**Student:** 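Shown below is the structure under consideration.
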Amino acid sequence: MCCLTPFGCALLPSKAIMQSVQKQISDKLRERFLSATRVLVLTGAGVSAESGVPTFRGGGNSAVWKGLPFEVISSAQMVERDLPAVWEWFDYRRDLLQALQPNPAHTEIAAWQDHFPVFTLVTQNIDGLHQKAGSRDVIELHGSIWRARCVGCHARYEILSHGTRPDECPGCGDSLRPDVVLFGEMLPALAFEQAAAAAANCDLCFVIGTSGIVYPAAGLPAIARASGALVCEVNPESTTLSDQCDEVLTGKAGEVLPIFTEVRSPGAEVRSQK
Ligand code: BV8
């Protein structure tokens with residue numbers, strides 16, 4: 001019997017998975033989760049995997065588009081060299097995203113913004129699924145696939161789902177590009193400063209679904225740890241960040257995070273598959 005979430009998508013964790021995850025949560029982590037007042041969550045492509053969004057590095061190889069590694073098609077040079085090809089890559093991914101919904105990991109993270117006194121959600125994802133799950137004030141370190149930016153006047157325009165995106169800037173007529181941070185490009189200064197400040201002032205930091213390869217985002221957990229925060233990784237695989245973490249919860253985010261529903265509201269029934 002398939003147990004659908006209210007979103008009609010990702011499955012809830014089976015009882016067996018829940019028990020194995022519950023066992024992984026140490027008393028130290030449970031105590032810090034219950035006493036934490038300033039919490040930072042950093043997410044990567046893995047948090048959206050159970051929603052059907054392909055990750056960049058899975059199974060040992062990295063994403064390739066029309067023969068080009070994604071670090072190349074998603075690079076500043078490519079915008080100079082062939083902007084239509086860059087648009088084709090992001091239009092393809094946006095079309096994929098149209099029908100995809102947040103999963104229980106996004107849902108649980110969204111609930112944390114009203115549970116912790118100070119809560120900061122930093123994502124490397126451009127898919128907008130955190131916001132779709134109800135997360136507010138998400139720090140999008142790498143921009144959003146749902147926005148375009150003018151290469152001339154830098155005006156930003158929302159790209160509506162199922163809508164056609166304008167090619168030229170309605171304001172100055174110059175060409176538009178995806179409003180995402182490409183390899184070789186600086187992150188939005190304010191966004192990274194806010195993320196680094198939150199990392200330096202948190203007492204609990206979750207690192208969820210990221211391989212920890214892309215910088216400067218991958219440097220945030222170390223900043224949190226250096227400031228005395230307990231750092232907890234959630235990932236089905238070990239990563240370059242695992243040994244920088246105090247706790248590692250091995251599993252899929254959509255199966256691990258719902259466990260915290262019970263932790264933050266004891267007695268709360270965490271629904272699972274029979
Ligand atoms: C910059 C938007 C200044 C576009 C992206 C220091 C050292 C080395 C290199 C550098 C460095 N500093 C800068 C660089 C260069 C570069 C970089 O880091 N290169 C890497 C490849 C080594 N960084 C930059 O260029 C950055 N800019 O530094 O500017 C500058 C300027 C000029 C020259 C030098 C410096 C800009 C980086 C941003 C690029 N844009 N995205 C797009 O989306 O196409 S990055 C993009 O890739 C994502 O946003 C994300 O950041 C990254 C992918 O990583 P993840 O999200 O972690 O995904 P991945 O697939 O790798 O891993 C998924 C994980 O999930 C896995 O661990 C898997 O096990 C796990 N998982 C799977 N299923 C689940 C799961 N986890 C939980 N649940 C599941 N169900």
Side-chain angles (χ1 to χ4, degrees), residues 9-11 13 17 21 41-65 68-79 85-94 96-97 102-106 108-109 122-130 138-147 149 177-189 191-192 195-196 206-222 232-242 245 248-259:
C9 67
L11 291 174
I17 289 172
V21 173
V41 170
L42 171 67
T43 65
V47 81
S48 295
E50 292 152 274
S51 296
V53 182
T55 59
F56 296 85
R57 288 179 196 77
N61 48 28
S62 79
V64 172
W65 170 258
L68 287 174
F70 92 90
E71 282 104 341
V72 174
I73 183 76
S74 279
S75 70
Q77 293 82 347
M78 204 64 188
V79 166
V86 173
W87 267 126
E88 208 187 341
W89 159 233
F90 286 100
D91 290 347
Y92 159 77
R93 290 164 66 185
R94 198 178 318 104
L96 262 183
L97 276 171
N103 66 64
H106 296 109
E108 180 61 19
I109 291 169
V122 176
T123 190
Q124 300 167 75
N125 302 344
I126 63 175
D127 58 28
L129 287 177
H130 282 302
V138 180
I139 297 179
E140 296 177 308
L141 279 184
H142 297 160
S144 171
I145 202 168
W146 301 104
R147 287 194 307 269
R149 186 172 83 236
R177 55 157 284 166
D179 186 26
V180 298
V181 178
L182 299 171
F183 284 96
E185 293 182 332
M186 304 299 275
L187 275 57
F192 188 73
F206 281 93
V207 182
I208 305 171
T210 183
S211 57
I213 291 173
V214 171
Y215 281 77
L220 292 169
C232 176
E233 180 177 55
V234 178
N235 198 308
E237 295 172 15
S238 66
T239 73
T240 56
L241 295 173
S242 301
C245 296
V248 173
L249 300 179
T250 304
K252 296 178 175 177
E255 294 174 351
V256 169
L257 294 189
I259 306 302

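This structure is a prediction, so every number in the text was calculated from the model and none was measured. Whatever order the structure lists them in is the order used to number ligands and atoms, beginning at 1.
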**Student:** Kindly say whether L241 contributes a backbone atom to a donor-acceptor pair with the side chain of T239 at under 3.5 angstrom?
**Tutor:**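 It does hold such a pair.
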
**Student:** Determine whether any heavy atom of G254 lies closer than 4.0 Å to an atom of ligand 1.
**Tutor:**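 No, that is not the case, since the closest heavy atom of the residue is not under 4.0 Å from the ligand.
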
**Student:** Roughly how far apart are I73 CD1 and M78 CE, rounded to 0.5 Å?
**Tutor:**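 Answer rounded to 0.5 Å: 4.0 Å.
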
**Student:** Could you work out, for atom 69 (O) of ligand 1, the closest of V47, V234, V256, N235 by heavy-atom distance?
**Tutor:**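 Answer by nearest heavy atom: N235.
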
**Student:** Side chain, backbone, both or neither: which applies to R93 and ligand 1 if a contact is any heavy-atom pair less than 4.0 Å apart?
**Tutor:**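 It is the side chain that touches ligand 1; the backbone stays farther off.
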
**Student:** Identify, by atom number and element, the atoms of ligand 1 in contact range of E185, meaning under 4.0 Å from any of its heavy atoms.
**Tutor:**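 The list of qualifying atoms is 1 (C), 26 (C), 27 (N), 29 (O), 36 (C).
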
**Student:** Quick check for you: to the nearest 0.5 Å, what is the distance between E233 atom CD and S238 atom OG?
**Tutor:**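 Taking CD in E233 and OG in S238, the distance rounds to 7.5 Å.
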
**Student:** For ligand 1, is there an N or O atom under 3.5 Å from any N or O atom of V214?
**Tutor:**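 For ligand 1, there is no N or O atom that lies under 3.5 Å from one belonging to V214.
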
**Student:** Are the side chain of N103 and the backbone of V47 linked by a donor-acceptor contact shorter than 3.5 Å?
**Tutor:**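 Between the backbone of V47 and the side chain of N103 there is a qualifying donor-acceptor contact (under 3.5 Å).
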
**Student:** As a quick check of understanding, evaluate side chain to side chain contact (heavy atoms under 4.5 Å, CB included) for E108 and I259, giving each step before the final call.
**Tutor:** CA-CA 9 Å; E108 180 61 19; I259 306 302; over 6 Å; no

**Student:** Just going by heavy-atom distances, which of P54, A49, A45 is nearest to atom 58 (O) of ligand 1?
**Tutor:**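 Shortest heavy-atom distance from atom 58 (O) of ligand 1: A45.
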
**Student:** So is E50 polar-close to ligand 1, meaning N/O to N/O under 3.5 Å?
**Tutor:**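 E50 vs ligand 1: N/O contact under 3.5 Å present.
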
**Student:** Which of the listed options, Q124, H142, M186, holds the heavy atom that is closest to atom 3 (C) of ligand 1?
**Tutor:**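 Looking at heavy atoms only, the winner is M186.
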
**Student:** Between I126 and ligand 1, does any nitrogen or oxygen pair lie at a separation below 3.5 Å?
**Tutor:**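 No; every N/O pair is 3.5 Å or more apart.
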
**Student:** Closest by any non-hydrogen atom to atom 65 (O) of ligand 1: pick that one out of P236, G46, S74.
**Tutor:**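 Among P236, G46, S74, the closest heavy atom to atom 65 (O) of ligand 1 comes from G46.
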
**Student:** Would you give the length of the straight line joining atom CG of N125 to atom OG of S51, rounded to the nearest 0.5 angstrom?
**Tutor:**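 Between N125 CG and S51 OG, I get 10.0 Å after rounding to 0.5 Å.
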
**Student:** Check this for me - ligand 1, F90, N or O atoms closer than 3.5 angstrom, yes or no?
**Tutor:**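 N/O-N/O distance under 3.5 Å: no.
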
**Student:** Under 4.5 Å between any side-chain heavy atoms of H106 and I109, yes or no?
**Tutor:**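 No. Closest side-chain heavy atoms not under 4.5 Å.
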
**Student:** If the plane angle is over 60° it's perpendicular, under 30° parallel, otherwise tilted; pick one for W65 and W89.
**Tutor:**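 Tilted.
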
